[in-house]
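Everything below concerns the one structure shown next.
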Amino acid sequence: MSSAPNSFDFDLLVIGAGSAGYNGARTAARLGLRVALVDGAKELGGLCILRGCMPSKALIAAGNRVRIARESAEFGVKTNGVSIDARRIVERKNALIEDFASDRRNGIKNGPFTFIHSNAVFVDPHTVEIDGRRVTSRTFLIATGSIQNPPPVPGLVDIGCLDSDAALNLTEIPESLIILGAGAVSLEFANYFNALGTKVTILQRSPHILKGADTDVADCLRASLAKLGIEIITGTQLVGAQRTATGKSISFTAGNEALPRSIEATEVFNGLGRSPNLRGLALENAGVVFQNRRLEVEATQQTGVSHIFAAGDAAGPHEIVHIAIQQAEVAVRNADRLIRGETAAPLEKTDYHSKLFVLFTSPEVAFVGLTEREAAAAGIDFGVATYPFDDHGKSMVLGETDGFVKLITRRPSGEIIGAAVIGPEASSLIHEIVATMHFRGTAADLASMPHYHPTLSEIWTYPAEELM
């Protein structure tokens, strides 16, 4: 990094204009860096806006309306039947996404940086080729997002299947659906299709659904989904996929079964994960090492080549938008320090102290910080307390009593180091704990805060009082 400041075309070249790349480029421009943002996608905006967070939540909102209407008789409200117009659901989703995407396209094309609508291929550690022209940069940020994993089941490619992209635009709701995998995407789509009347069966390879959650949270969610009519089979080994006279079937074994069995449905959904989108970058020309299709990235967001950073789905380990943005901002601030030669002190590291996850199912699930399993693995002396929604006044008024809240505190200080909630409005309720953890608050701090009655949020005071 000893070359003269202006011997490169740019100080920072960002590859990928999704949430991580776009916010990284804006942050770099605010720091006064000469920035280029490069993205060759036909549709600009990134996964979250175009095919991820926003469109899926638009569909889920529709499914939630259907569920509320169908369950309204308990409240003395008669709906005289509920009809579903799947085409209208998709049209509303498309209109919303176009609004979001047009705003992002405008920000990309008119931002405080140079935007290049093309693909970049590394030639050497400081050079990329774009449309036959060589462009140099002192530092780089790889923020190219992720792509669907190919179907790993023999025969599935031949018979065809849905993935999250295709499911977003489905205007004919399948009568029945086999979902492969029980991660966030699979579980959210399972809830959406179930709400619209599809018979849903989930095949999960591991013994539990919702990888990363504590067992009590995962088991509670599984029981709630079962009450909705969603069948979940865990501990499976997928054997093959076949087309049948009336639909498609998946062969599998479960548990200790010696012989495979099959289930049939109208359609199959592949929800078996995503991988970093690193195709076509020629990272080997830059000396960047990646294994099993994943980059090796430090907490400073540096790859093995110190001036090449990565953020978001391309970097992992948490494929979540707000973390992608956080990683990108850390990467850019570190790149700025490299450029300025300010390396006497250690570079900034991404802080996952308050890592946050939300699942938009029925009921919703959210957790922040450490799980019990993670706290135990770290050798932390901790306390745990829970409180159920079926003993909480506001939950009972709403008729949403599945689930519980959980606090995890460090002993003896009482600092909250983790929390989970499965129940009504979990996606909003978790943020009270996020704020408390951000300021290193304790269970006593939480218990002493005023909470209006009756509200859902006051449920946090009960486990907090137990842990004081």
Side-chain angles (χ1 to χ4, degrees), residues 1-39 46 111-115 120 122 124-128 135-146 276-278 281 283 285-291 294-356 438:
M1 306 299 296
S2 59
S3 301
N6 293 318
S7 62
F8 296 97
D9 298 317
F10 296 99
D11 297 316
L12 174 70
L13 191 144
V14 181
I15 305 175
S19 296
Y22 174 64
N23 284 280
R26 292 174 65 195
T27 300
R30 285 196 296 269
L31 291 173
L33 301 182
R34 297 173 300 137
V35 188
L37 178 61
V38 182
D39 194 315
F113 41 72
T114 299
F115 173 62
F122 277 95
D124 62 45
H126 283 283
T127 309
V128 292
V135 178
T136 60
S137 180
R138 291 177 66 83
T139 62
F140 293 85
L141 173 59
I142 299 170
T144 46
S146 62
N277 181 17
L278 305 176
L281 291 175
L283 289 169
N285 292 338
V288 176
V289 176
F290 56 99
Q291 295 181 342
R294 293 192 174 276
L295 290 171
E296 295 182 0
V297 180
E298 302 294 330
T300 58
Q301 302 306 134
Q302 290 169 293
T303 66
V305 180
S306 62
H307 68 276
I308 300 178
F309 297 80
D313 286 6
H318 307 290
E319 291 79 17
I320 300 170
V321 170
H322 77 277
I323 292 179
I325 294 170
Q326 179 186 358
Q327 290 174 335
E329 291 173 348
V330 167
V332 168
R333 288 193 291 269
N334 284 338
D336 181 54
R337 285 184 56 190
L338 289 186
I339 291 167
R340 299 179 190 281
E342 299 172 357
T343 57
L347 294 179
E348 181 182 352
K349 295 181 179 180
T350 302
D351 181 7
Y352 298 113
H353 168 77
S354 299
K355 74 177 187 296
L356 178 64
H438 182 72

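Closest of all the heavy-atom pairs between L338 and L347 is CD2-CD1, 4.3 Å. Contact between I320 and D313 at its shortest, heavy atoms only, is N-OD1, 4.4 Å. Taking every heavy atom of both residues into account, L141 and G24 meet most closely at CD2-CA, 4.3 Å. Shortest non-hydrogen contact noted between P112 and A29 is O-CB, 3.2 Å. Taking both residues in full, the closest heavy atoms of G316 and Q327 are given as O-NE2, 2.9 Å, listed atom of the first, atom of the second, then distance. Across all their heavy atoms, V35 and A28 have their closest contact at CG2-CB, 3.4 Å.
Contact check for D39 versus F115: side-chain heavy atoms found under the 4.5 Å cut-off. Side-chain contact check for H322 versus L356: some heavy-atom pair is nearer than 4.5 Å. At a threshold of 4.5 Å between non-hydrogen side-chain atoms, the residues Y352 and P317 count as touching. Looking at L283 and T303, their side chains never come closer than 4.5 Å, going by heavy atoms from C-beta outward. Between L281 and F290, the closest side-chain pair of non-hydrogen atoms is not below 4.5 Å.
D9 places no side-chain N or O within donor-acceptor distance of the main-chain N or O of S137, the cut-off being under 3.5 Å. Between the side chain of T144 and the backbone N or O of N277, at least one donor-acceptor pair lies under 3.5 Å. With hydrogens and angles ignored, the 3.5 Å screen pairs no side-chain donor or acceptor of N23 with any backbone N or O of I325. A distance-only check finds no donor-acceptor pair linking the side chain of T139 to the backbone of A335 [under 3.5 Å].
A donor atom on one side chain and an acceptor atom on the other are not found under 3.5 Å apart for T350 and Q326.
Scored by the salt bridge (Lys or Arg N to Asp or Glu O under 4.0 Å) test, R337 finds no partners at all (sequence neighbours excluded). For R340, the salt bridge (Lys or Arg N to Asp or Glu O under 4.0 Å) partners two or more places apart in sequence, or in a different chain, are D336. Partners of E348 according to the salt bridge (Lys or Arg N to Asp or Glu O under 4.0 Å) rule, which considers only residues two or more places apart in sequence or in another chain, are R333. Taking E319 as the reference, R294 meet the salt bridge (Lys or Arg N to Asp or Glu O under 4.0 Å) condition, with sequence neighbours excluded. Evaluation of the ring-ring contact (aromatic ring centres under 6.0 Å, His included) rule for F140 yields F122 as partners, not counting sequence neighbours.
In this structure, OG1 on T114 lies 4.0 Å from CZ on F10, to the nearest 0.5 angstrom. With rounding to the nearest 0.5 Å, the separation of CG in L12 from NE2 in H307 is 11.0 Å. Interatomic distance, T27 OG1 to F113 CZ, rounded to the nearest 0.5 Å: 10.5 Å. Atoms CG and CZ, from D11 and R138 in turn, are 7.0 Å apart once rounded to the nearest 0.5 Å.
A 6.0 Å sphere centred on NE2 of H438 holds no more than 12 heavy atoms belonging to other residues, nucleotides or ligands.
Taking the six-membered ring where tryptophan is involved, the planes of H126 and F8 are tilted, since the angle between them lies from 30° to 60°.
Contacts classified as salt bridge (Lys or Arg N to Asp or Glu O under 4.0 Å) and involving residues 296-310 (residues at least two apart or in different chains) are not found.
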